[in-house]
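For reference, the structure is listed below as structure tokens.
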Amino acid sequence: MKRVVSGIKPSGDLTLGNYLGAMKRWAENQHKDGYENFFFVANLHAITVKQDAGQLKKRTYDIIAWLLTVGVDPNRSVIFIQSMIPAHSEICWILNNFVTMGELGKMTQFKDKSAKAGREGQLAGLFDYPVLMAGDVLLYDADEIPVGIDQVQHVELSRVIAQRFNNAYGETFKLPKAVLSEKTSKIMSLNDPFKKMSKSGTEDSYIALDENPEKIIKKFKRAVTDSDSIIRFGEDKPAISNLLTILSEFTEKSVDDLVREYEGIGYGQFKKDTGEIVAEKLSGLQQKYTEIRSDEDRLKNIIKEGNSNATTLANEKVSIIKDKLGLI
Ligand code: AQP
């Protein structure tokens, strides 16, 4: 049995990027034989950027409700909240002693933010969060980590940390493997196709999953395009390729079929159609979401059960590590 572990940060409203790059894949993967799935709300990761407490709590439940909406099934997957399992914080402290400042300093997000705003003012939490991430997956002996391309570096670091611990104290951790979705490892921003679509991006750059249809259509109409007016997929057509990827996901037609369908048709019509189809599909999901989100007691029960399952495994792992280290 292979174990899959992955999380999502409640750091903003969930976007189309989160859905196509992660949540939709998670729901599909549950139906593969021989896999056990663990999905969690990575709220400890969210606080590396200042969050409003009320919003953070609300978004934590929102994510659980969205996961259920897109088909993540609590009877098939363990769904839990990171901060409710103290073993995550505990293992992070321990693993901090198996990674160097040099290694953490090379992580893209820290490097990028340091380059923009200076290294000295960056929070230690931002510097250290890849270690928390390593703990998140090593606690559960994860085999596979489904991630967007930007996260591959962190999974590699988890392997380095795990190997280092194993070399020093004997076989303790499984070495996790990053698994990229073939089609949608990265959904790009609508107003800058060289940037990832992010919850923390500017208003016009992303589609929030709970966005109303008119706004969705408008945002697609305003989406940037590439220089010529031909609809085709390719590295030299980053904006149109991104829209083709999105449309392909929502129509279940291949990109090649869409390119054939849109031969001779202009960008305007293509963006209008894409917006309308995404709006229609998302409004179906939104109706389901509203119903699921309104039953907070049920959400709490699902969380309670998931936390309990995850805690058993996580505590077992922490107690093995502590014993090896001589921590009583
Ligand atoms: N644009 C994207 N394309 C493909 N996958 C994406 N993911 C996020 N954005 C895209 C994937 O969603 C999962 C959960 O992500 P996360 O919310 O924990 O972290 P993130 O990648 O940092 O997401 P954001 O939206 O960019 O958040 P902020 O703006 O707060 O930093 C991951 O598997 C991620 O790859």
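In listed order, ligands and their atoms are each counted from 1.
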- Message: For residues 198-236, which residue pairs pass the ring pair (Phe, Tyr, Trp, His ring centres under 6.0 Å) check, not counting sequence neighbours?
- Response: none
- Is there at least one pair of N or O atoms, one from Lys186 and one from ligand 1, spaced under 3.5 Å apart? no
- Over all heavy atoms of both residues, which pair between Asp143 and Met1 is shortest? Give the atoms and the distance, please. OD2-O, 4.0 Å
- Query: Can you list the ligand 1 atoms lying under 4.0 Å from a non-hydrogen atom of Ser198?
  - Reply: 24 (P), 25 (O), 26 (O), 29 (O)
- Message: Contact between ligand 1 and Gly7 is defined here as a heavy atom of the residue under 4.0 Å from a ligand atom; is it met?
- Response: yes
- Considering the heavy atoms of Gly21, write down every atom of ligand 1 situated less than 4.0 Å from one of them. 4 (C), 5 (N)
- Message: Under 3.5 Å between any N/O of Lys196 and any N/O of ligand 1: does that happen in this structure?
- Response: yes
- Thr15: heavy atom below 4.0 Å from ligand 1, yes or no? no
- May I have the step-by-step check of side chain to side chain contact (heavy atoms under 4.5 Å, CB included) for Val160 and Glu103, ending in yes or no? CA-CA 10 Å; Val160 168; Glu103 284 162 332; 3.8 Å; yes
- Of the options Asp226, Thr225, Asp228, which is the one that meets Lys237 in a side chain to side chain donor-acceptor pair (under 3.5 Å)? Asp228
- Considering only heavy atoms of Gly17, which atoms of ligand 1 have at least one such atom less than 4.0 Å away? 1 (N), 2 (C), 3 (N), 4 (C), 5 (N), 6 (C), 7 (N), 9 (N), 10 (C)
- Message: Quick check: Phe40 with His45 (ring centres under 6.0 Å apart)?
- Response: no
- Would Tyr19 and Glu249 count as having a side-chain donor-acceptor pair, cut-off 3.5 Å? no
- Query: Where does Ala22 meet ligand 1, judged by heavy-atom distances below 4.0 Å: at the side chain, the backbone, both, or neither?
  - Reply: side chain
- Item | Sidechain N-carboxylate O distance under 4.0 Å for Arg260, Asp256 | no
- Message: One residue to check: Gln151. Relative to ligand 1, which of side chain, backbone, both or neither has a non-hydrogen atom less than 4.0 Å away?
- Response: side chain
